[in-house]
Amino acid sequence: MSGKMLLRGTLILAGAALVARVLGVVQRIPLQRLLDDAGMATYVTSYNVYMWLLVLATAGFPSAIAKLVSEKYAVGRPEEGEAIRRAANRYALVAGVGAALLVFFLAPALAALNKIPDAALAIRALAPALILFPWIAVERGYFHGRQRMGANGLSQVWEQILRVVTSIVLAYFLLELGYGIAWAAAGASFGGVLGAVAAAIVMLYYGVKLRREPAAARAFAGGDGAVAVSAPPVPEAGLAADPSRATADVSSFRSIFRAILKLSIPVSVTALAVPTIYLIDSLATKPLLIAEYGDAMAQTMQGWLTSRAQSLAGIPVIFAIALSQSILPIISSAFVKRDTLEVERQTSLALRMTYLSGVPAVVVLATSAFSLNTFLFKNAEGSWVIVAMVGSVLFQVLMMISGSILLGIGRPELPMKHIAVGVLVKLALTFALAPFFGIYGVVAGTTLCFAVTMALNLRSLRKLIRYEAFGRRAVPFVATAALQAGIGAAIGWAAYTYVHPFGSSFWDAMLQTLLAAGLTAALYPVLLLRTGAFTAADAEGLPPKARKLWDRAAPLLRKLRLVR
């Protein structure tokens, strides 16, 4: 049952995140044309500062609350889960107001530190959103812990719709009224405030809906209002679960805050990893490159990295983020029940799903980078930066999943320590390599940061849990990835070089992207089957609807000799 819940929750969150990401990428197309690379550097700088402070303001509360609430419902103490929610909401109000004031007054200093003074307006325009987002984060953590992913998914979608539409409209009209690039970037940033309002309305709606449910449904943590009863698992030997550490004392608000902070501080450090790395890139790239390339070119190259490469590198991460969020309450529930076999099974499943989804997404984006860059951002400048940045994503997604599993089994301090090591690696290598390799030195620092953190997480996980992602089929899977990358690169090069039927860079690039990305993506399932990385036996574990599709396709696949 939990395997199906993991897949269902992951697909809901991944679908919502995909819609949000697509809207975000779509937003970049008109904004890129309105603001150009320099203006986009201003806008993205403000957004990176905002995201870093947002994670700091919420202090890891969503993941901490999801873990604690899921544990309370797993052991049959829903009233304690509700107490955790109320206490966290009190904190959210104070944190939101404090963070908004901090951003507003420190905006000029943050912009000056980045050597982009115009970013101060854009940073200040985002400050009001911080009043709402800590509360939104708490509510998302609560519904996440209840394994009711619909609320989280819909709030993300509406947040992004309002943010995208209003940012483009405000930037356009401010430019038309003659306010200039700085004010237009600020208008684009203010779209985040209206997106926060939309997300808050959705969470309020689901809160009211939950209160109107029958008591039996409200007390169930198994997902989206259904009532289910299951026998508690028999404790297994193996993973040393400490119930006193896995469950929180809720006798007072002080004890609740103590329990939340005990989890949220290391979770916050872990959650700050990617925003911190991107913030380092925003703050350090131009100062490191300016002596070699000059002010204008250094800011343009920063735009390649922060506006183009980072936005596209976020696409393969979508499924991993959803998976890491979905696995947390499931792992936490199994852990607090001391169900070792379920923890091991879910860990293996999560890692396998990460490989199966992350590798093809990275390959598709990397092999179609030139045409995709031209389609989205007017030209192919910085395409190799995109390829290099996308290549780092596989380490990032494995870092995220392994960190979430460590959190679920009550070891949040481990990913926190590993992230600290990774950030130090990032700082050291960025400053050491950028003078010699320019923008690619900055990207190399990011790649090795993710790789080191991932390796440390997996090493710790191996000491605590017996897991197996592929076992004997690791070699066929590596062969699949290598063949897809090689053939995909040839397809991407041929499409970019020879497909020009329209005589328009935009329409030609769109067709090139569709051909390169579509054919490379279609190769993946064929190669998975042909190499034996995925077999008919694996289909037995598919959800019912996916299994029906497999059964219908199986006769044709056997005729084509794709199924072993």
Side-chain angles (χ1 to χ4, degrees), residues 20-51 100 103-104 107-108 110-130 158-198 278 282 285-286 294-312 314 372-382 504-507 509-510:
R21 179 63 65 177
V22 168
L23 288 172
V25 172
V26 169
Q27 176 199 30
R28 298 290 177 107
I29 299 173
L31 283 183
Q32 180 75 28
R33 284 156 174 75
L34 289 169
L35 303 178
D36 66 42
D37 279 326
M40 285 300 290
T42 299
Y43 168 72
V44 175
T45 295
S46 69
Y47 191 74
N48 284 343
V49 169
Y50 161 76
M51 286 302 296
V103 169
F104 186 85
L110 292 169
L113 183 64
N114 193 49
K115 297 187 180 297
I116 305 179
D118 288 347
L121 280 172
I123 294 172
R124 278 181 166 165
L126 276 168
L130 286 168
W158 278 106
E159 173 198 338
Q160 194 73 347
I161 289 173
L162 266 289
R163 186 178 77 84
V164 168
V165 172
T166 54
S167 66
I168 295 170
V169 170
L170 288 172
Y172 172 78
F173 279 107
L174 286 169
L175 283 175
E176 286 294 305
L177 293 172
Y179 281 93
I181 292 294
W183 278 96
S189 293
F190 190 74
V193 178
L194 298 178
V197 172
Y278 284 0
S282 293
T285 299
K286 184 178 177 182
D295 186 276
M297 189 59 191
Q299 183 159 336
T300 296
M301 294 175 78
Q302 178 173 317
W304 294 348
L305 176 61
T306 59
S307 175
R308 302 188 185 204
Q310 287 179 2
S311 63
L312 292 176
L372 184 61
N373 191 17
T374 306
F375 170 54
L376 294 176
F377 305 111
K378 297 190 300 185
N379 54 55
E381 292 180 0
S504 163
S505 61
F506 177 82
W507 293 108
M510 182 177 71

Asks: In chain order, what residues pass the side-chain contact (heavy atoms from CB on, under 4.5 Å) check against Ala309, with sequence neighbours excluded?
Replies: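 Checked Ala309 against side-chain contact (heavy atoms from CB on, under 4.5 Å); matches are Leu305, Val385, Ile386, Met389.
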
Asks: How close do Trp304 and Met297 get, counting heavy atoms only, and between which atoms?
Replies: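 Residues Trp304 and Met297, closest heavy atoms: CH2-CE, 3.5 Å.
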
Asks: A side-chain contact here means heavy atoms from C-beta on lying under 4.5 Å apart; do Pro108 and Arg124 qualify?
Replies: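 Heavy-atom side-chain distance check passes, below 4.5 Å.
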
Asks: Please report the shortest heavy-atom distance between Leu162 and Leu194, naming the atom on each side.
Replies: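 Heavy-atom minimum between the residues: CB-O, 3.9 Å.
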
Asks: List the residues meeting side-chain hydrogen bond (donor to acceptor under 3.5 Å, both in side chains) with Thr306, not counting sequence neighbours, and say none if there are none.
Replies: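 Result, side-chain hydrogen bond (donor to acceptor under 3.5 Å, both in side chains) vs Thr306: none returned.
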
Asks: Measure from the side-chain N and O atoms of Arg163 to the backbone N and O of Gly191, and report whether any donor-acceptor pair falls under 3.5 Å.
Replies: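 No, the answer is negative, given that no donor and acceptor are paired below the 3.5 Å cut-off.
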
Asks: Report the residues that fulfil ring-ring contact (aromatic ring centres under 6.0 Å, His included) with Phe375, sequence neighbours left out, ordered by chain and then residue number.
Replies: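 Partners of Phe375 by the ring-ring contact (aromatic ring centres under 6.0 Å, His included) criterion, ordered by chain and then number, come out as Phe506.
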
Asks: Got a second to check how far Leu34's CG is from Ile168's CD1, nearest 0.5 Å?
Replies: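 The CG atom of Leu34 sits 8.0 Å away from the CD1 atom of Ile168.
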
Asks: By side-chain contact (heavy atoms from CB on, under 4.5 Å), which residues pair with Ala380, not counting sequence neighbours?
Replies: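 If we apply the side-chain contact (heavy atoms from CB on, under 4.5 Å) test to Ala380, skipping adjacent residues, the hits are Phe370, Thr374, Ser383, Tyr496.
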
Asks: Closest heavy-atom contact between Ala198 and Trp158?
Replies: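 Looks like CB-O, 3.6 Å.
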
Asks: On a heavy-atom basis, which atom in Ala120 and which in Ala111 lie closest, and how many Å separate them?
Replies: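 Heavy-atom minimum between the residues: N-CB, 3.4 Å.
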
Asks: Does the Gln302 side chain pair with the main chain of Thr285, one donor and one acceptor, at a distance under 3.5 Å?
Replies: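 Not at all, since once roles are kept as given, no pair shorter than 3.5 Å links the two residues.
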
Asks: How many angstroms lie between atom CG of Leu126 and atom CG of Leu121, to the nearest 0.5 angstrom?
Replies: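 The CG atom of Leu126 sits 11.5 Å away from the CG atom of Leu121.
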
Asks: Considering all heavy atoms of both residues, which atom of Phe190 and which atom of Leu170 are nearest to each other, and what is their separation?
Replies: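 The answer is CD2-CD1, 3.9 Å.
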
Asks: So, using side-chain hydrogen bond (donor to acceptor under 3.5 Å, both in side chains) as the criterion, who are the partners of Ser167 when residues are at least two apart?
Replies: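 Applying side-chain hydrogen bond (donor to acceptor under 3.5 Å, both in side chains) to Ser167 gives Gln27.
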
Asks: Looking only at heavy atoms, what is the nearest atom pair of Glu381 and Asn373, with distance?
Replies: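 Scanning both residues, the minimum pair turns out to be O-ND2, 2.8 Å.
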
Asks: Which donor-acceptor pairs under 3.5 Å do the side chains of residues 176-184 make with protein atoms, sequence neighbours left out?
Replies:
none

